[in-house]
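Here's the structure we're looking at; comments come further down.
If you're wondering where the values come from, they're calculated on a predicted model, not measured in any experiment.
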Amino acid sequence: MNEQIQPATVRVFIALAPPDDAKEELARALRPACDAYPRLRWNRIEDWHITLAFLGELPVGTAPLLQRPLADLAAARRPLRLSLRGGGHFDERVLWSGIEGDLDGLHRLTADVRSVVKECGIVFEDRPLRPHLTLARSRRDDPSSVVNVASGLAAFSGREWEAERLHLVASNIGRGPGPIHYRDIEAWRFSGEQ
């Protein structure tokens, strides 16, 4: 009998996701770069997201503790109007697209999300929010590809869209070979007036 052993921990983060048409608009702008720089480790379009709080590895039983408080938070908040704009890089290794729109609302939402996490007793690294959408990573021996693609993406200006749901996401990072994949543990629609 070949039973699959379930891991004792799960890598978790809380995020927003652009709608498919906004992601496809950016993907079209990136297509020439994808062809020109095939050695970059491009993130899958279905996994593009804006991280609000990265919680790291948690015991499997911890994530369910967040579900009710995050559902309540989403129920009290209205959708945020955002857009994808330009590009940049972190340390010449990570390519990203910037976020514009209701950034004050995004920062307030992030602060509230992180408060919920802390109230649930979950310890995590509370870094300042730098709103972005990670697109690709370079290999260690490639110091220029990300910089070149970011420069070419500088003029990108995507349409405005509404972030309609708050996502609690699990990642398979470090769980074997192949690309990183993300899956929603749960997602909640923003339906309030705040």
Side-chain angles (χ1 to χ4, degrees), residues 12-38 40-54 70-71 73-90 93-114 128-138 145-173 179-194:
V12 176
F13 60 90
I14 301 164
L16 302 177
D20 289 345
D21 59 339
K23 291 190 289 189
E24 288 163 6
E25 183 180 33
L26 178 56
R28 282 191 300 275
L30 282 171
R31 199 159 291 129
C34 292
D35 294 339
Y37 298 97
L40 287 179
R41 292 176 298 167
W42 293 94
N43 291 8
R44 300 176 333 142
I45 188 173
E46 57 267 34
D47 291 335
W48 287 354
H49 63 274
I50 303 162
T51 301
L52 304 180
F54 178 74
L70 290 174
L73 175 62
R77 301 300 287 261
R78 62 177 172 74
L80 295 172
R81 296 205 58 80
L82 302 170
S83 60
L84 301 173
R85 293 268 196 274
H89 58 86
F90 298 130
R93 298 270 329 269
V94 178
L95 173 69
W96 51 261
S97 176
I99 308 298
E100 286 192 352
D102 185 3
L103 296 182
D104 288 341
L106 182 60
H107 282 276
R108 283 191 304 275
L109 174 63
T110 299
D112 290 347
V113 162
R114 292 176 183 194
L129 176 68
R130 294 175 68 183
H132 69 280
L133 190 77
T134 301
L135 304 172
R137 290 172 176 79
S138 68
S145 295
V146 161
V147 175
N148 293 339
V149 177
S151 175
L153 196 56
F156 176 76
S157 181
R159 71 163 188 82
E160 192 174 71
W161 44 272
E162 282 194 344
E164 297 181 342
R165 288 184 171 80
L166 182 64
H167 299 262
L168 180 62
V169 185
S171 158
N172 74 339
I173 192 166
I180 298 169
H181 292 268
Y182 303 113
R183 65 172 174 80
D184 275 358
I185 295 171
E186 190 72 54
W188 303 275
R189 183 174 290 280
F190 293 116
S191 54
E193 299 300 317
Q194 263 182 293

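With hydrogens and angles disregarded, a donor-acceptor distance shorter than 3.5 Å links the side chain of Arg93 to the backbone of Ser138. A distance-only check finds a donor-acceptor pair linking the side chain of Trp42 to the backbone of Tyr37 [under 3.5 Å].
Rounding to the nearest 0.5 angstrom, the gap separating the NE2 atom in His132 from the CG atom in Leu95 is 10.0 Å. The distance from atom CD of Glu160 to atom CD of Glu100, rounded to the nearest 0.5 Å, is 10.5 Å. The line from CG of Leu129 to OG1 of Thr51 is 9.0 Å long, rounded to the nearest 0.5 Å. In this structure, CD in Glu186 is found 10.5 Å from CG in Leu166, a value given to the nearest 0.5 Å. For the atom pair Leu80 CG and Phe190 CZ, the distance stands at 6.0 Å (nearest 0.5 Å). Taking CG of Asp47 as the start and CZ of Arg183 as the end, the distance is 12.5 Å to the nearest 0.5 Å.
Ring geometry, Phe90 versus Trp96: the interplanar angle falls from 30° to 60°, so the pair is classed tilted.
With a 4.5 Å cut-off on side-chain heavy atoms, Ile185 and Val169 do not count as touching. Side-chain atoms of Leu30 and Val149, non-hydrogen and from C-beta on, do get closer than 4.5 Å to each other. Here the side chains of Leu106 and Leu52 are in contact, with some heavy-atom distance below 4.5 Å. Looking at Thr110 and His107, their side chains never come closer than 4.5 Å, going by heavy atoms from C-beta outward. For the pair Arg77 and Asp112, the minimum side-chain heavy-atom distance is below 4.5 Å. Contact of the Glu25 side chain with the Ser83 side chain is not registered, since no non-hydrogen atoms from C-beta on lie closer than 4.5 Å. For the pair Leu84/Trp48, no side-chain contact is recorded, criterion being any heavy-atom separation below 4.5 Å from C-beta on. When side chains are defined from C-beta on, Arg137 counts as touching Asn43, because their heavy atoms get closer than 4.5 Å.
Ring centroid separation for the pair His167 and Tyr182 does not come in under the 6.0 Å cut-off.
Minimum interatomic distance between Pro19 and Arg159 (heavy atoms only, all atoms of both residues): CG-NH2, 3.6 Å. Counting all heavy atoms, side chain and backbone alike, Leu135 lies closest to Ser97 at CD1-N, 3.8 Å. Taking both residues in full, the closest heavy atoms of Ala22 and Pro18 are given as CB-CB, 4.3 Å, listed atom of the first, atom of the second, then distance. Of all non-hydrogen atoms in Leu82 and Asp102, the two that sit nearest each other are CD2-N, 3.8 Å.
Every residue meeting the side-chain hydrogen bond (donor to acceptor under 3.5 Å, both in side chains) condition with Ser157, not counting sequence neighbours, appears here in chain and number order: Arg85.
Taking the charged nitrogens against the carboxylate oxygens, Asp184 and Arg165 have no contact shorter than 4.0 Å, which rules out a salt bridge.
Counting heavy atoms of neighbouring residues, nucleotides and ligands inside a 6.0 Å radius, atom CZ of Arg130 does not exceed 12 of them.
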